[in-house]
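Read the structure below first, then the notes.
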Amino acid sequence: MEKPIRATPLAVRLIPNVDSQFAEKLNLPSHIRSLGLLTSTIDDVGYTAVDEATKKAAVEVVYAKSFYAGSGHASGPLSGEFIGIIGGATPSEVQSGLDAAVAFMESGACFYSLNAEGTHAYYAHVVSRTGSYLSQVAGIPEGEPLAYLIAPPLEAMYGIDAALKAADVQMKQFFGPPTETNFGGALLTGSQSACKAAADAFADAVRSVAVQPVKLT
C-alpha cells in the first residue's frame, strides 16, 4: 500500500503592518497591509495550501516559489522547498489564511510514496474548486476543478500522456523537467469527474513505471 507523504510547515510568521519599501518590492496592492509567511517541506502541497487559504479567508497569494533541488538540499533547517506569502488587509484575515494553509498541509492533499524508503513519490490531487491563486496559475475561472499532477521526470511525462487520453480534460500548464525541484507535471482542467479520471490514470501510469522502470517493448 502506498504511504502518504505529508508536507510539514517548517516556519510560519505574521507581519501585521508591512514596511512600505518591502511592499513596493513585492508589488503589493494598496489594500494589502498584512502578510503571512510560511515554508514547507513540499512545494506542490504548499502551492495547493496557499490556494486553499484564498478560499477560507480574505487573502491573496502575493509570492510563492520553489527552492532549487528540493528539500533534500535546503539552505537551512527551516527552508524546505517552498516559501509562500499571503497578504490581506488585516492581521486577523491573514492569520485565518495561515491557519487554513497549515491545516491543509496537516490533513489535506499529500504525495504518495512508491517505495518503502519514501524516495520515489507522486502527487495526483484533484482540486474540486480552485481558489484565486491556482485559478490564476492555470488561467481558469475561480471555482473550476483542477487536476494537479506531479512526479519525477519520466514518470510525469508518461503519466501526463495517459491522463490526457483517459478523460475529456485540457492541459492548462505544463511543468517540463527540469523544474526547480527536478520534478515534472501538469495542471489539467475539465469536469470534476474528468479530472478524477485523469488523476487516476496519471497515478496508474506512474505506478507502472515504478514497477517496471525499463520496458523496451
Side-chain angles (χ1 to χ4, degrees), residues 7 9 26-40 42-66 81-90 93-105 107-111 122-151 156 159-160 163-164 166-176 179-181 183-203:
L26 290 172
N27 295 316
L28 299 183
S30 59
H31 66 278
I32 290 182
R33 299 303 310 152
S34 300
L35 298 179
L37 300 78
L38 76 163
T39 57
S40 81
I42 303 177
D43 62 344
D44 295 295
V45 178
Y47 291 120
T48 317
V50 293
D51 184 67
E52 186 72 11
T54 69
K55 294 186 283 185
K56 299 291 178 59
V59 296
E60 302 170 28
V61 177
V62 299
Y63 192 88
K65 295 285 186 181
S66 300
E81 64 180 32
F82 168 81
I83 183 169
I85 305 178
I86 58 175
T90 68
E93 290 169 345
V94 172
Q95 185 61 59
S96 295
L98 286 173
D99 291 345
V102 169
F104 183 87
M105 290 183 190
S107 59
C110 61
F111 269 68
Y122 70 94
Y123 188 58
H125 176 59
V126 175
V127 180
S128 59
R129 182 176 63 86
T130 53
S132 61
Y133 175 66
L134 286 180
S135 297
Q136 182 179 26
V137 172
I140 61 176
E142 284 188 47
E144 293 293 311
L146 192 73
Y148 193 145
L149 311 176
I150 298 293
I160 290 169
L164 290 170
D168 183 14
V169 291
Q170 296 81 47
M171 184 158 54
K172 292 298 185 179
Q173 278 289 348
F174 171 63
F175 306 119
T179 63
E180 290 93 335
T181 57
F183 276 64
L187 300 177
L188 312 182
T189 192
S191 68
Q192 187 153 343
S193 59
C195 286
K196 175 67 165 57
D200 289 346
F202 179 84

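- Listed by first and then second residue, the salt bridge (Lys or Arg N to Asp or Glu O under 4.0 Å) pairs involving residues 191-203 are K196-D200 (not counting sequence neighbours).
- By the side-chain contact (heavy atoms from CB on, under 4.5 Å) test, P29 is found to be paired with H31, I32, E60, residues two or more places apart in sequence or in another chain being considered.
- Residue pairs meeting the side-chain hydrogen bond (donor to acceptor under 3.5 Å, both in side chains) criterion with at least one member in residues 134-143, sequence neighbours excluded, are T130-S135.
- Scanning for side chain to side chain donor-acceptor pair (under 3.5 Å) contacts around S191 gives S193, with sequence neighbours left out.
- Using a distance-only test at 3.5 Å, with no hydrogens or angles considered, a donor-acceptor pair links the side chain of T54 to the main chain of S132.
- Among residues two or more places apart in sequence or in another chain, the side-chain contact (heavy atoms from CB on, under 4.5 Å) test is passed with A156 by A151.
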Got a list of side-chain donor-acceptor pairs under 3.5 Å for residues 42-52, not counting sequence neighbours?
from, atom 1, to, atom 2, distance (Å)
D43, OD2, S66, OG, 2.7
D44, OD1, Y148, OH, 2.7
Y47, OH, S66, N, 2.9
Y47, OH, S66, OG, 2.7
T48, OG1, D44, O, 2.8
T48, OG1, Y123, OH, 2.8
D51, OD1, G131, N, 3.2
D51, OD1, Y133, N, 3.2
D51, OD1, L134, N, 2.8
D51, OD2, G131, N, 2.9
E52, OE1, K55, NZ, 3.1
E52, OE2, K56, NZ, 2.8

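- For T90, the side-chain contact (heavy atoms from CB on, under 4.5 Å) criterion is met by S92, E93, not counting sequence neighbours.
- The two residues A163 and F202 have their closest heavy-atom pair at CB-CB, 4.2 Å.
- Put simply, OH on Y63 and CG on L26 are 8.0 Å apart, with the number rounded to the nearest 0.5 Å.
- Listed by chain and residue number, nothing satisfies the side chain to side chain donor-acceptor pair (under 3.5 Å) test with K172 (two or more places apart in sequence, or in another chain).
- In this view, A199 and A124, V126, L149 satisfy the side-chain contact (heavy atoms from CB on, under 4.5 Å) rule, not counting sequence neighbours.
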